[in-house]
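Structure, as structure tokens:
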2 protein chains.
Amino acid sequence: MKRPPSPHRPRTLAPIARVPGLDYGVLDELLGYSLRRAQVAMFLAFHAATRGVGVTPPRFTALVVIGANPGINQSVLGRVLGIARSGAMALADWFEARGWVERRRHLDDGRAWGLHLTPRGETLVAAMKRRVAAEDRRRAAVLGAGERRELLRLLNKLAG
Amino acid sequence: MKRPPSPHRPRTLAPIARVPGLDYGVLDELLGYSLRRAQVAMFLAFHAATRGVGVTPPRFTALVVIGANPGINQSVLGRVLGIARSGAMALADWFEARGWVERRRHLDDGRAWGLHLTPRGETLVAAMKRRVAAEDRRRAAVLGAGERRELLRLLNKLAG
DNA sequence: TATTGTTATACTCTATAACTATA
DNA sequence: TATAGTTATAGAGTATAACAATA
């Protein structure tokens with residue numbers, strides 16, 4: 001059974017290996033490094049939850065934010081994601097091409113578009129949120145409930 | 001004062017904004033999302049510590065690992081970083097071009113190269129490790145010492 | 001003047017695939 | 001056959017710069 005000529009996988013699909021017998025030096029004391037490893041681990045959970053739909057973490061973030069803030073414009077969306085306006089454009093195009101999001105003219109600002117989930121988008125995003133949240137909790141099940149809450153608290157404190 | 005025509009900044013240089021008044025929906029309950037935000041915040045610390053040298057987090061990881069494991073080969077290095085062999089190649093080329101790392105033939109395996117820091121590389125990496133560790137701690141100073149330890153513990157538990 | 005959307009363009013990172021030398 | 005290194009190529013993500021329309 002040959003794999004089909006699938007072009008590219010979006011990212012790494014394996015956790016960052018902890019190579020046995022190797023000396024990691026100062027890395028083990030850096031929050032930055034541990035954060036990166038934990039993030040890759042959680043990305044696997046995300047990937048398991050969104051398999052095959054082509055929804056990456058930034059796209060998921062965008063969909064959730066559009067759903068929770070109907071009429072948000074592309075510049076603000078870019079700010080939320082920490083990307084440039086041109087990138088937010090590409091995102092909106094991608095969603096629109098799939099019929100998940102539509103652009104409607106702002107009533108009070110002729111420059112801006114408001115982004116809205118379509119009915120189809122609503123359904124899809126609702127299901128996706130459930131799956132992503134479930135997988136996120138499943139992967140974090142190595143932590144106790146108290147540990148999970150504490151981790152969330154510390155991360156948010158750190159992110160400022 | 002115009003900025004020089006500097007080509008590209010390697011990544012985002014601002015924290016992911018928390019846009020006031022916006023509803024973040026389910027994102028606030030996801031470890032994955034909080035991890036991402038915390039990671040970006042810590043990347044800023046890293047960037048402050050390595051300003052102008054062109055050393056990105058993967059490059060820093062590679063340098064530390066080569067320094068702590070002299071003679072490591074490129075394939076293993078790739079495994080440590082979670083990237084393909086071809087990417088490890090490019091890394092080694094980049095270091096070698098700067099005279100920080102040299103390739104020496106393995107004695108017992110004619111296929112492999114062993115990677116070693118040059119004296120210049122040793123000096124540079126030692127200084128860089130100090131600065132990165134100091135900035136990492138400085139940025140994490142919003143946490144108490146106990147909180148920092150606890151965060152590290154939870155992250156490592158999560159990363160598996 | 002500043003901001004929104006838009007387009008064109010460029011760069012970084014990393015993957016895949018094919019090849020060679022060696023094991 | 002399997003693995004290390006190498007090279008060529010391609011794609012995703014995102015930045016900058018410029019422009020038109022609107023504020």
Side-chain angles (χ1 to χ4, degrees), chain A residues 2-14 16 36 40 43 47 50 53-62 71-97 101-115, chain B residues 2-14 16 36 40 43 47 54-62 71-97 101-115:
Chain A
K2 261 198 229 159
R3 242 191 318 143
S6 92
H8 256 228
R9 282 178 292 174
R11 288 209 202 182
T12 307
L13 285 191
I16 297 184
R36 171 69 185 146
V40 169
F43 171 72
H47 184 265
T50 58
V53 206
V55 175
T56 58
R59 283 175 184 159
F60 177 75
T61 301
I72 187 177
N73 75 40
Q74 297 177 186
S75 292
V76 174
L77 182 62
R79 240 169 281 144
V80 175
L81 296 171
I83 63 175
R85 289 204 304 291
S86 53
M89 259 287 301
L91 272 179
D93 286 348
W94 195 87
F95 295 141
E96 210 178 41
V101 164
E102 60 181 23
R103 291 170 159 108
R104 301 190 205 143
R105 269 292 170 208
H106 254 210
L107 300 173
D108 47 340
D109 187 340
R111 295 169 300 183
W113 295 100
L115 301 176
Chain B
K2 261 197 230 160
R3 241 190 320 143
S6 92
H8 255 226
R9 282 178 292 175
R11 290 210 201 179
T12 309
L13 285 191
I16 297 184
R36 171 70 186 150
V40 169
F43 171 72
H47 184 263
V55 174
T56 58
R59 283 174 184 157
F60 177 75
T61 301
I72 187 177
N73 74 41
Q74 297 176 188
S75 292
V76 174
L77 182 62
R79 240 168 282 145
V80 175
L81 296 170
I83 63 175
R85 289 204 305 287
S86 53
M89 259 288 300
L91 273 178
D93 285 348
W94 194 89
F95 296 143
E96 209 179 41
V101 164
E102 60 180 22
R103 291 169 159 109
R104 301 189 206 145
R105 269 293 171 207
H106 255 210
L107 301 175
D108 48 341
D109 186 339
R111 295 169 301 183
W113 295 101
L115 301 176

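Residue numbers start from 1 in every chain, and the chains themselves are labelled A, B, ... in the order their sequence lines are given, proteins ahead of strands. In this text, all values refer to a predicted model and were calculated from it rather than measured experimentally.
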Atom-pair distance (NE2 on A:His47; C1' on D:dA12), nearest Å: 14 Å
From CG (B:Leu77) to CZ (B:Arg85), nearest 0.5 Å: 13.0 Å
Sugar-phosphate only, base, or nothing, as touched by A:Arg105 at under 4.0 Å among non-hydrogen atoms: nothing
Side-chain donor/acceptor contact of B:Ser86 with base of C:dT16 under 3.5 Å: yes
Of the listed nucleotides C:dA15, D:dG13, C:dC13, the one nearest the side chain of A:Thr56: D:dG13
Integer-rounded Å distance: D:dG13 C1' and A:Leu91 CG: 10 Å
Separation of atom CE in B:Met89 from atom P in C:dA15, rounded to whole Å: 15 Å
Nearest-Å distance for atom pair CZ/C1', residues A:Phe43 and C:dT14: 13 Å
A:Asn73 to A:Val76 - nearest heavy-atom pair and separation: OD1-N, 2.9 Å
Whole-Å distance separating the CD1 atom of B:Ile83 from the P atom of C:dT16: 12 Å
Between C1' of C:dT14 and CG of B:Leu77, the distance in whole Å: 14 Å
Phosphate contact (D:dT6 OP1 or OP2) by B:Gln74 side-chain N/O below 4.0 Å: yes
Touch class at under 4.0 angstrom, heavy-atom based, for A:Ala84 against every strand present: base
Side-chain donor/acceptor of A:Arg104 to backbone N/O of A:Trp113, under 3.5 Å: no
Test salt bridge (Lys or Arg N to Asp or Glu O under 4.0 Å) applied to A:Arg103 - qualifying residues, sequence neighbours left out: A:Asp93, A:Glu96
Rounded distance (Å) that lies between atom P of C:dT4 and atom CZ of A:Arg103: 15 Å
By side chain to side chain contact (heavy atoms under 4.5 Å, CB included) - contacts of B:Ala88 (at least two apart): B:Gln74
Side-chain N,O (A:Ser75) to OP1/OP2 (C:dT3) below 4.0 Å: no
CZ-CD1 distance between A:Arg79 and B:Ile16, expressed to the nearest 0.5 angstrom: 14.5 Å
Position toward the 5' end of DNA chain D (nearest nucleotide), B:Arg79 or B:Asp93: B:Arg79
With A:Arg59 via side chain to side chain contact (heavy atoms under 4.5 Å, CB included) - residues at least two apart: A:Val55, A:Thr56, A:Leu91, A:Trp94, A:Phe95
If you restrict it to nitrogen or oxygen atoms, what contacts under 3.5 Å exist between nucleotides 21-23 of chain C and the protein, and what is each distance?
{"from": "C:dA23", "atom 1": "OP1", "to": "B:Gly110", "atom 2": "N", "distance (Å)": "2.7"}

A:Arg85 CZ to C:dT3 C1', straight-line distance once rounded to whole Å: 7 Å
